[in-house]
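The structure appears below as structure tokens.
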Amino acid sequence: MAAAEEKKRVFVKTYGCQMNVYDSERMTDALAADGYVPTQKVEEADLVLLNTCHIREKAAEKVYSELGRIRVMKEEAARAGRQVMVGVTGCVAQAEGAEIARRAPVVDLVVGPQSYQHLPRLLKDVAAGRRAIETEFAIAEKFDALPAATKAQTRARGVTAFLTIQEGCDKFCTFCVVPYTRGAEVSRPAGAIIEEARRLADAGVRELTLLGQNVNAWHGDGTDGRSWGLGELLYRLAEVPGLDRLRYTTSHPRDMDEALIAAHGDLPALMPYLHLPVQSGADRILAAMNRKHGADDYLRLTDRIRAARPDIALSSDFIVGFPGESDAEFEATMRLIETVGYAAAYSFKYSPRPGTPAALRDDMVEEAVMSERLQRLQALVAAQQTAFNRLAVGRVVDVLFEKPGRMAGQIMGRTPYLQAVAVEAGTERIGTIGRVAIDGLGTNSLFGTLAGAQPRPEALTAGNATAAETAP
């Protein structure tokens with residue numbers, strides 16, 4: 001019991017993208033060697049880390065608000081004779097390190113997303129009474145230095161996992177802070193990625209999602225001495241025993257090369273769901289965003305992808321009200337959505353990010369106009385998503401069972417199209433893939449029953465959800 005009481009506890013709150021989830025796990029792994037165990041209760045933590053995201057609106061203010069609550073907790077702990085260290089990590093730390101130190105005296109350390117491998121050393125500095133700020137770009141060093149998760153740690157995280165293969169971005173979209181907070185594009189070597197994938201599979205991971213700010217720009221040193229692209233990497237990962245499903249996110253249309261498109265047609269393990277952000281359907285706005293593709297380029301690309309994998313489902317990102325966007329240009333975006341037919345999408349009103357070129361423009365769209373446009377766009381996408389999900393009802397689909405459901409005797413899983421499915425079955429099926437007959441459609445999930453020996457699952461086709469079928 002005494003040994004257990006000596007353990008230090010770390011609480012990590014993760015904001016934003018899947019890459020931050022992966023980074024939070026790797027930070028926890030690095031701290032485990034220093035005697036820290038994770039906790040879900042911030043009030044019992046000896047170390048509190050806020051792993052931040054700078055993409056969404058008012059991201060920094062949300063962090064400062066959370067730090068205000070943590071300050072009260074830290075002061076209460078100090079009165080009880082217990083030291084609590086507080087750190088801010090991630091993209092807000094990278095972008096606003098000095099400002100965080102000035103505005104929030106409660107913060108003991110500020111660590112950018114490429115310096116997590118230095119956490120144990122930085123915490124020693126804090127324990128010695130020195131505030132620590134480190135925001136260097138050292139991506140390759142980061143991955144070389146971070147320890148691998150133990151098999152027990154991986155098993156505790158479930159049967160799906162994220163694996164970062166690429167960081168940074170060279171695209172410099174005018175609305176985006178990623179090049180400034182994550183740096184230039186850097187790709188991990190294929191051998192290191194495959195080794196990590198094997199470890200995850202050996203620990204029971206059945207579905208692996210490859211991550212990158214611009215993941216399909218990955219070009220790494222291959223195990224045969226050549227430079228590989230993402231398509232070739234996926235072929236090699238599909239050979240890893242135990243990995244039944246592969247995914248990747250987030251992609252840029254400019255980096256969807258023919259080898260990657262072919263992989264979608266050739267690899268059963270590569271799931272038929274692709275997140276391919278377009279942002280706008282108007283060429284002038286796309287040019288102002290520095291996207292370096294037009295609406296027709298995007299439509300031709302989706303046609304090529306669907307020719308290789310007819311059952312693929314697409315999702316996307318949309319920014320409504322980019323500076324200077326006219327009513328006609330917004331309608332062009334609506335037409336693109338109707339033409340493509342999406343299974344899901346993320347959409348946001350434009351909000352300026354300090355330091356980005358778009359933030360300097362003087363032709364901002366009025367808030368009321370942005371709100372009305374966003375409401376219309378989201379209604380169209382929601383109708384398309386409902387129509388796509390409705391295609392599953394009455395069919396048999398493969399479901400990877402991931403975790404217990406909220407109801408007794410229920411487990412949850414996902415279809416190849418990332419749809420959540422609730423099934424009445426025992427927890428012994430978690431980690432397996434079963435055939436499920438979909439017999440119900442809820443607001444956020446599907447409902448089904450185990451199908452037993454049935455014909456192979458029928459494919460859903462997002463393109464079948466036409467504009468006529470999805471009209472609100």
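By the side-chain hydrogen bond (donor to acceptor under 3.5 Å, both in side chains) test, Asp170 pairs with no residue at all, sequence neighbours left out. The salt bridge (Lys or Arg N to Asp or Glu O under 4.0 Å) search around Asp296 returns none, not counting sequence neighbours. Here Gln378 pairs with Ser347 under the side-chain hydrogen bond (donor to acceptor under 3.5 Å, both in side chains) rule; sequence neighbours left out. For Arg121, the salt bridge (Lys or Arg N to Asp or Glu O under 4.0 Å) partners at least two apart in sequence or on another chain are Glu134. With sequence neighbours excluded, the residues that form a side-chain hydrogen bond (donor to acceptor under 3.5 Å, both in side chains) with His264 are Tyr248. By the salt bridge (Lys or Arg N to Asp or Glu O under 4.0 Å) test, Asp297 pairs with Arg300, sequence neighbours left out. Applying the salt bridge (Lys or Arg N to Asp or Glu O under 4.0 Å) rule to Glu66 yields the partners Lys13, Arg69; only residues at least two apart in sequence or on another chain are considered. Under the ring pair (Phe, Tyr, Trp, His ring centres under 6.0 Å) criterion, Phe318 pairs with Tyr342, sequence neighbours left out. In this structure Thr302 satisfies the side-chain hydrogen bond (donor to acceptor under 3.5 Å, both in side chains) test with no other residue, sequence neighbours excluded.
Looking at Gln213, its side chain does come within 3.5 Å of a backbone N or O of Gly168 through a donor-acceptor pair. With hydrogens and angles ignored, the 3.5 Å screen pairs a side-chain donor or acceptor of Asp46 with a backbone N or O of Arg9. Although no hydrogens or angles enter the test, the distance criterion places a donor-acceptor pair under 3.5 Å between the side chain of Tyr298 and the main chain of Leu276. In this structure, the side chain of Asn290 does not engage the main chain of Thr174 through any donor-acceptor pair within 3.5 Å.
Annotation: salt bridge (Lys or Arg N to Asp or Glu O under 4.0 Å) contacts involving residues 402-430, sequence neighbours excluded, are absent. Identified under the side-chain hydrogen bond (donor to acceptor under 3.5 Å, both in side chains) test for residues 197-206, with sequence neighbours left out: Glu195-Arg199.
Ion pair Lys171/Asp255 flagged as a salt bridge, since at least one NZ, NE, NH1 or NH2 atom sits closer than 4.0 Å to an Asp/Glu carboxylate oxygen.
To the nearest 0.5 Å, the span separating CG on Leu163 from CG on Leu211 amounts to 7.5 Å. Note: Leu234 CG to Arg247 CZ = 12.5 Å, rounded to the nearest 0.5 Å. Annotation: the span from Gln385 atom CD to Ser315 atom OG amounts to 9.5 Å, rounded to 0.5 Å. Atom CG in Leu230 sits 6.5 Å away from atom CG in Asn216 (nearest 0.5 Å). Atom CG of Asp29 and atom OG of Ser24 lie 10.5 Å apart (nearest 0.5 Å).
Heavy atoms from other residues, nucleotides or ligands lying under 6.0 Å from CG of Asn444 number 12 at most.
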Compile the donor-acceptor pairs under 3.5 Å between side chains in residues 36-44 and protein atoms, sequence neighbours left out, one pair per line.
unit_1 : atom_1 : unit_2 : atom_2 : d
Thr39  : OG1    : Lys41  : N      : 3.1
Thr39  : OG1    : Glu44  : OE2    : 2.5

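Between the side chains of His275 and Thr250, no donor-acceptor pair of N or O atoms lies under 3.5 Å.
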